[in-house]
Every structure is written in C-alpha cells, then in structure tokens.
Asks: 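Have a look at this one before I ask anything.
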Amino acid sequence: MAKNDNKHSLMDEIVGLCKRRGFIFQTSEIYGGINGFFDYGPLGVELRRNIKDAWWKDMVQMRDDVVGLDSAIIMHPDVWKASGHVDSFTDPMVDCKESKMRYRADHLFYALVKVDGQEIGCVSLLESERMQEDAEKMADDLKRKMAVQGEMDALHLQPYTEAPESDWSKVPSPATGKPGSLTPPREFNMMFKTHVGALQDASAAAYLRPETAQGIFANFKNVLDTGRIKVPFGIAQIGKAFRNEITPRNFIFRSREFEQMEIEYFIQPDEEIWEGHHREWIDTRKAWFASIGLTDEHLGEEVHPREKLAHYARACTDITFKFPFGEQELEGIAARGNYDLMQHQGASGKPLEFFDEARKEKYVPHVIEPSLGVDRTFLAVICAAYTKDEIDGETRTVLKLHPRVAPVKAGVFPLMKNKPELMEKARGLYEKLRLRWNVFFDVSGAIGRRYRRMDEIGTPFGITVDFDSLEDGTVTLRDRDTTKQERVTEKELISAMEEKIGW
RNA sequence: GCGGGCGUAGCUUAGCUGGUAGAGCGCCACCUUGCCAAGGUGGAGGUCGUGAGUUCGAAUCUCAUCGCCCGCUCCA
C-alpha cells in the first residue's frame, strides 16, 4: 500500500488516476453529474469484469455445492413487504432551517385557517390525541391576533407528508411558530420506487431491489426443484442493487447504484452446525481475496456485537479493508437463521421446505450469507495496488494489480515504429496473444515511456520486439513490479503469462 | 439534511483591488530514438461547473443551483 502523509491527498490521487486513465467517471458529467452514481470507463469495465469473473469461477464454477442465478431487478412488491424492507425503511423527515429541529414529517400535522372561505394563515403541531382541539385553539388565537371578523371554517388537519408543494411555505415551524423555515418533506426510505405498466397509481408501485439476496430466497424452491442439489448448498448471484443513500461518500465506496456478489448458503437447522459453516465461509472468502491481491495485511475481521445484530441474525462478521479513509466493510458474512425463507413462506403461502433424505424429515434450512460489493472490491483492489516508487531517481506511479484482475495483461511494443519488419513481427505477436488475453499494442513514444504508461494502469507484462527477435524469435519480457527484464522465447512467454494470470 | 472549504484545458494550476484567459505535464501528427516518463517541429483542446443579477465591461462582485472534499447528522 502506498504511503502518504496526507490521507485525503492519497485518495484524491487515486480518484484522479481512475478518471485520468479511464477507470471511473462520475456519471452524466457533462450535465453536472449526479451524486452517488458512477460510470466505468474502458479500463474500469475490464477490471470490474475480471473481479466478477474471478468470483464466479471460484464460488460457482469450481464448487460442487453452489449454483448460479440471475433474478430480475424488479420483483413483485410483496417480496419487499415480506423481507421487511418496505416497513423498516420508511422514515419521512422534515427539518426546520431556523431552529435546526428535525421532525418526522408524518408526525407533523397542519391545517390552513380560513375565515369565511378566506385563508388567513396556517397552524401546525405534532401528532397527539388532542391535536384537533389544540389546533382549533391555535386557529382562534391566530384569528384574534389578525383581528379578523367572521365565521371560521372547519379545520382540516393533515400530515405534512401530504402537503401540496404550494403549502410548504405556509406551514409554521412548531419550534419558532413562523412559517417558511421548514424544508419540504423528505422520504428517507432507501428503496427506489418506480411504476410498472401504464398506470402510475399505488397499485403499480414497484421497487428497484436494494439487495440481490431476496431474488435468491424467492427462487429457493425453483432451484431446489430443478437443480438436483441437496442441503447444504448455495445459490450465488451477481447483480445491480439500488439504495437511495442519504449521504453517498468516499468515491464509489457508498453509492446509490452498485453491484453485489451474494451467496445464500443453505444449511441444516441444527444449532450446533452453523458456527462451523460460518467460520468456513469467512476463511473461504479471505482466501479468495488473497487470490486477487487483497492479502491479510490489507484485511481485517470485525465481529458484530450481539446487541447490535438484527433480531433474526445469529452472527455477522465483516471482512474489512484498510482504505485510505479508514478501515471499512468490504464483505458481510451473516448467519441469518431461516428468517427470510420463513417470511416468504408465510407471505406467499408456498412451502419453502427441503426434504432431507438422510434424515427423513422436512425443514426450512438456515442460511449463511456472504455478501460482497463489486464496487467496494474494485476500490479496495485499486487502493491496495496504488504505489509510488523510485526508478533511477524518478518517481513512478504503478498499480501493482494482481495479474488475475489487471485490465490489460500485457503491452506489446515494437522497439521502433519506423522499421516495418519490427512492426510486423510485433503486430503478429499481438494478434496471437489477443486471442486469449486483453493485450495492448503501443508504438508511440520511447520504449521507457511505453513501459511507464503500462505501469500506471497496472499491466503486469511488457513485451518488446527488437532486432534479435527477427533473428531468433525471442523477446524482452519486462516485469512491472521489479522492472527487471529477461530474454524469453515465445513459448516461455506464454507459459510465464499463464502461470501468473491463471486461467 | 446542517456547518465549513472548493470548482479555470485530460491532469496540476497562474490570473492582486472587475478590462472578455496563460503555463507545465499529458494527448495527436511528423522527424529523431537499440530497452525505463530523452530531444525537435507542428497541432487539437477552455463560452473559467451551470444559470441568473450588478456593471459600459465579470474567471474576478451578488444570489441561486449542481458537483467534489471535510466534519456532524442519518442509515445498514
């Protein structure tokens, strides 16, 4: 990990590199951007795919006990009722700009005060049993203060959440009694809402999934019935999820649209076995992180204290990463009991049980859930790889990416571009390598410059074709991290790349 | 959401008290170049985040808005 006195400037450098070299752009930048959303450029998309491919390969393809799934982003709204997301996330708020007080907007009621049909003001108060009575008193006071004569219309109290925009400025703050200092009501529910079909009424409401896990639970029976699998087994999914975060922060660490890699690993319900599975998954996941260059020196484990666990969770351990802005959660590995399946079984009325042949009994399995963010992994990989070192007195910026995830595996360079025979030979090698790997052909600038360009985007191999190559077919293979060079045959080159990159 | 700071070319930035924009690096082309950001010549690229306002005149002053950073708040 790069050393830097100033944590902020280190993060700034990384963000700058990501933009400068085409890893990550702020989305819709030409329109001024929008907070919490990002676009991945030509190199970013390669790195991202490599991370996802590595995960899928190791967690699904190489395992007998895990199968894949790709469920829809928009699911039946009842899924989110059953999972608890609809209820547990709704929290509309309103702030008084003057007194700095914050209220639940659905607890703040107001009424327009009208005398003989003429609007003379507005009263507001917090929800209570006697609020109608209190509001009428307040309205009377207002009428007296304004010295208005006439018959007061009946007061219609309504929650601030239902106020039309034209009323916001009229409603007085309960703290100051003066209108105009309240902000519009704000929904703090983290789920993005949308509409399905032509009608935009409540019956058409739907949500963008805030996690991929529920798609797995909802398909538990489908997979079980078709997959020829038995407990213990896992279902894995990679996909986008959306959360309307109040404060997106730290570059792509907390964003509003992100991608998850989740496994629900179903186990027998016995009390004494879940801990073993839980620990096993923590170790499995850490080994996987090491395979993409995130070793124990970068990682930590944070065990959630019992009192902070959700009521259905038995344990949750985070695998953390030491980011420049602090040690933060990368992956959460939770032991969730059978809460989710039970909820969906209850809400849908469909049995979500597994018949265990060995035990001759039916049960709703419990689950271990390793849940990882693609984007967080991306950021961790970049942060861990970002290095500045010195080559002959010159500072060099290099991404020491694990070859497995590096967006470009090798740069192929003809030593000089004005020698047709060198160009042709190098081009031929490039065409051969690109069949297997993402490689880059670069002819412009001095050879040292081309090496450095590749260093900055984390390309592990530099391959230079020179005049000797024309004679004996050997090339110079230059190592990104050590800058050491060696003379190799084409065959040796290929096997060196295979060995470092893997599959 | 609140408070503070910030926004000039791809990047880093100069531009003091208003007179309609420069530099370095990078990039592109050509030349040169026998292995670690060499050199030469030429070139593209900015309505100074955006929108209003004040002014004869705004990158510079005012306001709003968007975005970024820090702290709080909120929240899995």
Side-chain angles (χ1 to χ4, degrees), chain A residues 6-9 11-13 15-22 25-38 41 84-85 88-89 91-105 182-191 210-211 241 243-251 254 304 308-310 313 316 318 325 328-329 332 334 371 373 389-398 411 413-419 422 443-456 462-470 475-480 482-487:
Chain A
N6 187 329
K7 289 178 176 186
H8 312 316
S9 83
M11 203 52 212
D12 288 344
E13 281 176 29
V15 172
L17 174 66
C18 283
K19 186 190 175 182
R20 195 168 68 247
R21 303 314 304 262
F25 308 117
Q26 184 180 24
T27 197
S28 319
E29 200 185 6
I30 61 171
Y31 288 101
I34 174 167
N35 197 356
F37 298 91
F38 295 91
H85 286 84
S88 69
F89 282 176
D91 215 16
M93 306 296 282
V94 55
D95 290 301
C96 171
K97 285 180 275 196
E98 204 164 313
S99 67
K100 311 294 180 209
M101 293 293 286
R102 173 171 282 178
Y103 307 97
R104 287 276 301 264
L182 293 179
T183 61
R186 278 182 285 264
E187 278 289 338
F188 279 18
N189 188 312
M190 298 231 290
M191 281 198 294
E211 61 174 31
R243 290 182 195 175
N244 198 4
E245 297 283 354
I246 299 165
T247 313
R249 267 298 157 84
N250 292 326
F251 198 32
R254 173 172 287 112
H304 287 216
K308 287 186 77 179
L309 291 173
C316 185
D318 289 343
F325 47 84
Q328 300 276 343
E329 175 186 352
S371 171
D389 58 16
E390 229 175 69
I391 302 294
D392 299 330
E394 296 268 3
T395 302
R396 174 179 79 140
T397 302
V398 51
F413 317 121
L415 187 60
M416 287 186 290
K417 71 172 166 182
N418 56 357
K419 298 285 187 289
L422 284 183
V443 301
S444 80
I447 195 70
R449 178 180 297 273
R450 284 179 266 171
Y451 286 151
R452 297 298 176 85
R453 275 200 283 249
M454 287 293 107
D455 289 342
E456 206 180 17
I463 301 162
T464 301
V465 173
D466 59 16
F467 294 102
D468 290 345
S469 309
L470 302 176
V475 294
T476 303
L477 177 60
R478 181 260 193 186
D479 180 88
R480 174 197 64 198
T482 63
T483 77
K484 292 269 162 48
Q485 303 181 79
E486 58 176 324
R487 199 79 207 171

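These numbers come from the heavy atoms of this one structure, side chains and all, not from hydrogens, waters or symmetry mates. Reminder, nothing fancy here: chain letters follow the sequence lines and each chain counts from 1.
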Asks: Strictly by modelled atom types, are A:R453 and A:S444 linked by a side-chain donor-acceptor pair under 3.5 Å?
Replies: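 A:S444 and A:R453 do have a side-chain donor-acceptor pair below 3.5 Å.
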Asks: Atom CG of A:N250 to atom C1' of B:rC75: distance rounded to whole Å?
Replies: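 After rounding, the gap between these two atoms is 15 Å.
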Asks: For every nucleotide of nucleotides 32-39 of chain B, 5' to 3': is a protein heavy atom under 4.0 Å from its base (B), only from its sugar-phosphate (S), or from neither (-)?
Replies: S-BBBBB-
Asks: Starting at CE of A:M191 and ending at C1' of B:rC75, how long is that distance when rounded to a whole Å?
Replies: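 That distance rounds to 14 Å.
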Asks: Side chain of A:R450, backbone of A:G445: donor and acceptor closer than 3.5 Å?
Replies: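 It does hold such a pair.
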Asks: A:F325 CZ to B:rC72 P: how many Å, rounded?
Replies: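 Going from A:F325 (CZ) to B:rC72 (P), I get 15 Å.
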Asks: What pattern of brackets, bars and dots sums up RNA chain B from 5' to 3', given Watson-Crick or G-U wobble pairs under 3.5 Å, [ ] for crossing pairs and | for another strand?
Replies: (((((((..((((.....[..)))).(((((.......))))).....(((((..]....))))))))))))....
Asks: Do A:H304 and B:rA76 share a donor-acceptor pair, side chain to base, under 3.5 Å?
Replies: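 Yes, the side chain and the base share a sub-3.5 Å donor-acceptor pair.
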Asks: What integer number of Å spans the P atoms of B:rG15 and B:rC72?
Replies: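 So the two P atoms sit 33 Å from each other.
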Asks: Look at A:R480 together with A:D455 and state whether they make a salt bridge at an N to O cut-off of under 4.0 Å.
Replies: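 No, A:R480 and A:D455 are not salt-bridged.
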Asks: Between B:rA64 and B:rC6, how far apart are the P atoms? Round to whole Å, please.
Replies: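 Each nucleotide's P atom is 16 Å from the other's.
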Asks: Please pick, from B:rA76, B:rG67, B:rG71, the nucleotide with the shortest atom-to-atom distance to any side-chain atom of A:N35.
Replies: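 For A:N35, the side-chain atoms sit closest to B:rG67.
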Asks: Write down the distance separating the C1' atoms in B:rG57 and B:rA21, rounded off to the nearest Å.
Replies: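 It works out to 16 Å between them.
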Asks: Determine, step by step, whether A:T464 and A:Y451 satisfy the side-chain contact (heavy atoms from CB on, under 4.5 Å) criterion, reporting the C-alpha distance in whole Å, the side-chain angles of both residues, the deciding distance to 0.1 Å, and the verdict.
Replies: CA-CA 10 Å; A:T464 301; A:Y451 286 151; 2.7 Å; yes
Asks: Dump the intermediate steps for side-chain contact (heavy atoms from CB on, under 4.5 Å) on A:T476 and A:R487, then the final yes or no.
Replies: CA-CA 5 Å; A:T476 303; A:R487 199 79 207 171; 3.2 Å; yes
Asks: Is it true that a side-chain atom of A:R243 and a backbone atom of A:M190 form a donor plus acceptor pair closer than 3.5 Å?
Replies: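 Flag not set: sc A:R243 to bb A:M190 has no pair under 3.5 Å.
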Asks: What interatomic distance, in whole Å, is found between P of B:rG5 and the corresponding atom of B:rC25?
Replies: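 These two P atoms come out 35 Å apart once rounded.
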Asks: What interatomic distance, in whole Å, is found between C1' of B:rA9 and the corresponding atom of B:rU47?
Replies: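 My reading of the C1' atoms in B:rU47 and B:rA9 gives 13 Å.
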Asks: Taking CE from A:M11 and C1' from B:rC68, how many angstroms apart are they, rounded to a whole number?
Replies: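 It works out to 12 Å between those atoms.
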Asks: Using a cut-off of 4.0 Å on non-hydrogen atoms, how would the nucleic acid contact of A:Q26 be classed: base, sugar-phosphate, or nothing?
Replies: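 Counting heavy atoms under 4.0 Å across all strands, the contact made by A:Q26 is with sugar-phosphate only.
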Asks: Are A:K19 and B:rC11 close enough that a side-chain N or O sits under 4.0 Å from OP1 or OP2?
Replies: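 Result: yes.
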Asks: Apply the test side-chain contact (heavy atoms from CB on, under 4.5 Å) to residues A:K419 and A:F467: give CA-CA distance (whole Å), side-chain angles for both, the deciding distance (0.1 Å), then the verdict.
Replies: CA-CA 10 Å; A:K419 298 285 187 289; A:F467 294 102; 3.9 Å; yes
Asks: P atom, B:rG18 versus B:rC27: distance in rounded Å?
Replies: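 Rounded to whole Å, the distance is 39 Å.
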Asks: Could you give the CZ-to-C1' distance, from A:R249 to B:rG67, as a whole number of Å?
Replies: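 For the pair A:R249 CZ and B:rG67 C1', the rounded distance is 13 Å.
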Asks: Measuring from atom CE of A:M416 to atom CG of A:D466, what distance do you get when rounded to the nearest 0.5 angstrom?
Replies: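 One gets 9.0 Å once the value is rounded to the nearest 0.5 Å.
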Asks: Between atom CD in A:E29 and atom P in B:rC68, what is the gap in whole Å?
Replies: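 The answer, rounded to whole Å, is 11 Å.
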Asks: For the C1' atoms, the ones on B:rA14 and on B:rU65, what distance do you get once it is rounded to whole angstrom?
Replies: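 Roughly 28 Å separates the two C1' atoms.
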Asks: Taking the P atom in each of B:rG42 and B:rA52, what is the distance between them to the nearest angstrom?
Replies: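 Rounded to whole Å, the distance is 40 Å.
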Asks: Show your reasoning for whether side-chain contact (heavy atoms from CB on, under 4.5 Å) applies to A:E211 and A:H85.
Replies: CA-CA 10 Å; A:E211 61 174 31; A:H85 286 84; 3.7 Å; yes
Asks: side-chain contact (heavy atoms from CB on, under 4.5 Å) with A:T395: which residues, sequence neighbours excluded?
Replies: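 Here the qualifying residues are A:K388.
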Asks: Nearest-Å distance, CD1 (A:I34) to C1' (B:rC66)?
Replies: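 It works out to 10 Å between those atoms.
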Asks: What's the spacing between A:E29 CD and A:K19 NZ if we round to 0.5 Å?
Replies: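 One gets 4.0 Å once the value is rounded to the nearest 0.5 Å.
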Asks: The side chain of A:R20 is closest to which nucleotide in this list: B:rG71, B:rC11, B:rA76?
Replies: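 That would be B:rC11.
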Asks: Under 4.0 Å, counting only non-hydrogen atoms across every strand here, what does A:F251 touch: a base, just sugar-phosphate, or nothing?
Replies: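 Result for A:F251 = sugar-phosphate.
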